[in-house]
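Note that these values count all heavy atoms, side chains included, but never hydrogens, waters or copies made by symmetry.
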Amino acid sequence: MKRLFLLLTLLISTTAYSADETHGFSAGLGFGSTENYGAITHYDFAYRYQFTPNWGVEVGYTPFQSEPFTGAINAIFDDYVLVNSYSSRLAGTYTYQISARHNAILKVGLSQSKTNYELDDYANNSDDAITIDEYSDDGYGLYAALGWRCRFYNGFEIMTTLAYQDSGTLEMTSFTVGIGYSF
């Protein structure tokens, strides 16, 4: 009976202490760089669950590719470019409330990425690229990010994030600006 009472007390106190908005979705657009393949552009989609106002967990998906200018330069110099690549993550989040609407965010977790590379030839007389070689690689590793979030009273959010990811296949640093909604 004591164990049951203790278990119920823990469950009720955790529920009472949970954040007003426990669920959140976000979408963002950003740019970054990789160690070997230059600049990238990416989208970022994430779902967040807050256990408490400070602690939560996030699941995210980020499709990325070589930035168009970098892709053109790499193609001229017969270098591989990133195409249709993605990374996913599972991260624990810590939110520090700076003011009523502004929060600093720390994320640390695991990432998985799948990178696809292409080597194109533009030396022919056509404007179309001819793919000479392509290959894929995947890996797992560390994901870490620092961010800022401004939450409006209607649940909408704007945010920025500076992230670092080392998944074995590539080392990527990225900056993302996004919008979100918490409920």
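V108 and L90 are members of different hydrophobic clusters when ILVMFWY side chains are connected at heavy-atom separations under 4.5 Å.
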* To do: Begin from the C-alpha positions of Y86 and Q112 and carry the test side-chain contact (heavy atoms from CB on, under 4.5 Å) through to its verdict.
  => CA-CA 8 Å; Y86 68 87; Q112 181 270 335; 3.8 Å; yes
* Asked: Yes or no on side-chain contact (heavy atoms from CB on, under 4.5 Å) for Y181 and F25, after CA distance, side-chain angles and deciding distance?
  -> CA-CA 5 Å; Y181 183 74; F25 291 98; 5.5 Å; no
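Residues T161 and I105 fail the side-chain proximity criterion, which asks for heavy atoms closer than 4.5 Å. Put simply, the side chain of T93 reaches to within 4.5 Å of the side chain of Q50, judged on heavy atoms. Proximity of Y140 to L110: side-chain heavy atoms (C-beta onward) are nowhere separated by under 4.5 Å. When side chains are defined from C-beta on, S167 does not count as touching M172, because their heavy atoms never get closer than 4.5 Å.
Scanning all heavy atoms of the two residues, the minimum distance from S87 to F64 falls at N-CE2, 3.9 Å. Nearest heavy-atom pair across Q165 and Y143 is OE1-CD1, 4.3 Å. When all heavy atoms are compared, the tightest approach of N116 to S136 is OD1-OG, 2.5 Å.
Residue pairs meeting the side chain to side chain donor-acceptor pair (under 3.5 Å) criterion with at least one partner in residues 23-33, sequence neighbours excluded, are H23-Y47. Within the structure, no pair that satisfies the salt bridge (charged side-chain N to carboxylate O under 4.0 Å, His left out) test touches residues 135-147, not counting sequence neighbours. Here side chain to side chain donor-acceptor pair (under 3.5 Å) pairs that include residues 94-106, with residues two or more places apart or in two chains, are H102-W148. For residues 50-59, the salt bridge (charged side-chain N to carboxylate O under 4.0 Å, His left out) pairs, not counting sequence neighbours, are E58-R89, E58-K107.
Within 6.0 Å of the OH atom in Y164, the count of heavy atoms belonging to other residues, nucleotides or ligands exceeds 12.
Applying the side-chain hydrogen bond (donor to acceptor under 3.5 Å, both in side chains) test to R149 and every residue at least two apart in sequence or in another chain returns nothing. Taking the side-chain hydrogen bond (donor to acceptor under 3.5 Å, both in side chains) definition, one finds that E118 meets it with nothing, sequence neighbours left out.
Checked by atom type and distance alone, the side chain of D44 never pairs as donor or acceptor with a backbone atom of G28 at under 3.5 Å.
For the residue pair Y117 and T115, a side-chain donor N or O sits within less than 3.5 Å of a side-chain acceptor on the partner.
In this structure, F175 and F31 have tilted ring planes: the angle between them lies in the 30° to 60° band. Under the 30°/60° scheme for interplanar angles, the aromatic rings of F51 and Y49 are found to stand perpendicular.
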